Amino acid sequence: MKRIANDRALCDGMKGHNYGLPDCMKFILECVGHGDKPDFWDIAAVTGDTVAQVYNRNLTTYCEYCVSGYLAGPEHIGYVFDTLGYGHGYVTAAQLNAESDKYIRKIVAMIDSGIPVLVKTNIRDIRDWNSDVGTHCLIVGYDRGGQLVKLLVGGSETVDCLITGENKMDLIFIGEKRREVTLEELYIEAMQKMTHWLTLPERDGLYFGAAAFRAWADDIDAGRFADEGIPIWDNYGVYVCNLATSGGEPTYIFKKLADMDQKYSYLIPLGEKIQKLLPAESPTGGRSLLWMQLEELGGGMSQSGAMDEGKFKATMRDIGKRAKIAGALRDYAGRLDQVTRLLEDGSACPA
């Protein structure tokens, strides 16, 4: 059995690293020699995961509850690799199954060189992946000449997956470094892309940004979550976790850039305006006030991530109480609309 040397935990919830693709990309970059930067939060701003809330009006598919989970596939992953300055090879499940021997050899070569392979799949298609959601993971080892791969899906332990010719997983191989990308360039790209993530159109019941909060609020008002048959964490709690994970993180990127170079000091007032619209516990981080508000109203989760489902169901059966929760979400959507207008101002972000 062969496994790459990097044995750190993937998606460490104690650090708030709840989005799969950013931490998988961070892990890969560590293995090719990037060290501490860019970190999880830097990459999650690039992927849009900390920028735009998501919400699914359909029953969950157990994909990751974030932009990268909803957009998972060649286009989104290609954008991320390109923004980080790397080429990549994208192999669909159909290609993998049609030419298994070829790609087993490629997997073995990558692992032997100490580089993991990114996997895009769904948690339901990977036996022994025990979590609430899952879309992105890593191949970090192999056995039986590569016929059996070791998937790092979370934490530091792996689950086994046989390459059978019927697998439901796409493989993504990092390629050559095409250009040097500075942290300054990453922050500028993330800032310039914010309005894109916040205004993504609805896709078959999947919503983004302010539209996600409004769709969520409409479903609360309509009594969706008073239904005793709907799994609460899978169809509601994950979206509280989404907003809790992101917090106010993307609003601080303006100050980060200004601290990096005085020529960006003009961005500090913009960041402060956005922080005022999307307040958190402190001006430098902490829980978003919306997260705290939902908890107080009986429609959120504690700081430990726990939900009292009995109390929640009772709240959702009370039309008046659930209306207050929906109102809080709509208020936040209106604030996001104001943020989008600020960002759309041509003078707001560096060219």
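Residue numbers count from 1 along this sequence. Please read all numbers here as calculations on a predicted model, not as lab measurements.
Aromatic ring orientation, His17 versus Phe40: parallel (interplanar angle below 30°, classes split at 30° and 60°).
The shortest distance between side-chain heavy atoms of Leu198 and Leu343 falls below 4.5 Å. Proximity of Thr135 to Tyr70: side-chain heavy atoms (C-beta onward) are nowhere separated by under 4.5 Å. Two residues are said to be in side-chain contact when any heavy atoms from C-beta on lie closer than 4.5 Å; Arg178 and Tyr86 fail this criterion.
Under the 3.5 Å distance criterion, the side-chain polar atoms of Asp308 are matched with a main-chain donor or acceptor of Gly310. Checking side-chain atoms of Thr121 against main-chain N and O of Lys168 turns up a donor-acceptor pair under 3.5 Å.
For Asp125, the side-chain hydrogen bond (donor to acceptor under 3.5 Å, both in side chains) criterion is met by no residue, not counting sequence neighbours. Qualifying side chain to side chain contact (heavy atoms under 4.5 Å, CB included) partners for Glu228, counting only residues two or more places apart in sequence or in other chains: Lys313, Arg317.
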Could you give the side-chain donor-acceptor pairs of residues 136-146 under 3.5 Å, partners two or more places apart or in another chain?
| from | atom 1 | to | atom 2 | distance (Å) |
| --- | --- | --- | --- | --- |
| His136 | ND1 | Glu64 | OE1 | 2.9 |
| Tyr142 | OH | Asp112 | OD1 | 2.7 |
| Tyr142 | OH | Asp112 | OD2 | 3.4 |

N/O donor to acceptor pairs below 3.5 angstrom from side-chain atoms of residues 322-329, sequence neighbours left out:
| from | atom 1 | to | atom 2 | distance (Å) |
| --- | --- | --- | --- | --- |
| Arg322 | NE | Ile220 | O | 3.3 |
| Arg322 | NH1 | Met316 | O | 2.8 |
| Arg322 | NH2 | Asp221 | O | 3.3 |

Would you give me the side-chain donor-acceptor pairs under 3.5 Å for residues 76-83, sequence neighbours excluded?
| from | atom 1 | to | atom 2 | distance (Å) |
| --- | --- | --- | --- | --- |
| His76 | NE2 | Ser68 | OG | 3.0 |
| Tyr79 | OH | Glu189 | OE2 | 2.6 |
| Thr83 | OG1 | Tyr79 | O | 2.8 |

Below 3.5 Å, can you tabulate the donor-acceptor pairs from side chains in residues 209-218 to any protein atom, sequence neighbours excluded?
| from | atom 1 | to | atom 2 | distance (Å) |
| --- | --- | --- | --- | --- |
| Arg214 | NH1 | Asp337 | OD2 | 3.2 |
| Arg214 | NH2 | Asp337 | OD2 | 2.5 |
| Asp218 | OD1 | Arg330 | NH2 | 2.8 |

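Atom NZ of Lys276 sits in a sparse spot, with 12 or fewer heavy atoms from other residues, nucleotides or ligands closer than 6.0 Å. The 12-atom threshold is exceeded at CG of Asn58, counting heavy atoms of other residues, nucleotides or ligands nearer than 6.0 Å.
In this structure, Asp39 does not pair ionically with Lys26, as no charged nitrogen and carboxylate oxygen lie closer than 4.0 Å. Taking a cutoff of 4.0 Å between a charged side-chain nitrogen and a carboxylate oxygen, Arg335 and Asp331 qualify as a salt bridge. Salt bridge Glu30/Arg8: present, at least one basic N to carboxylate O contact under 4.0 Å. Here Lys255 pairs with Asp259 in a salt bridge; the nearest charged N to carboxylate O distance falls below 4.0 Å.
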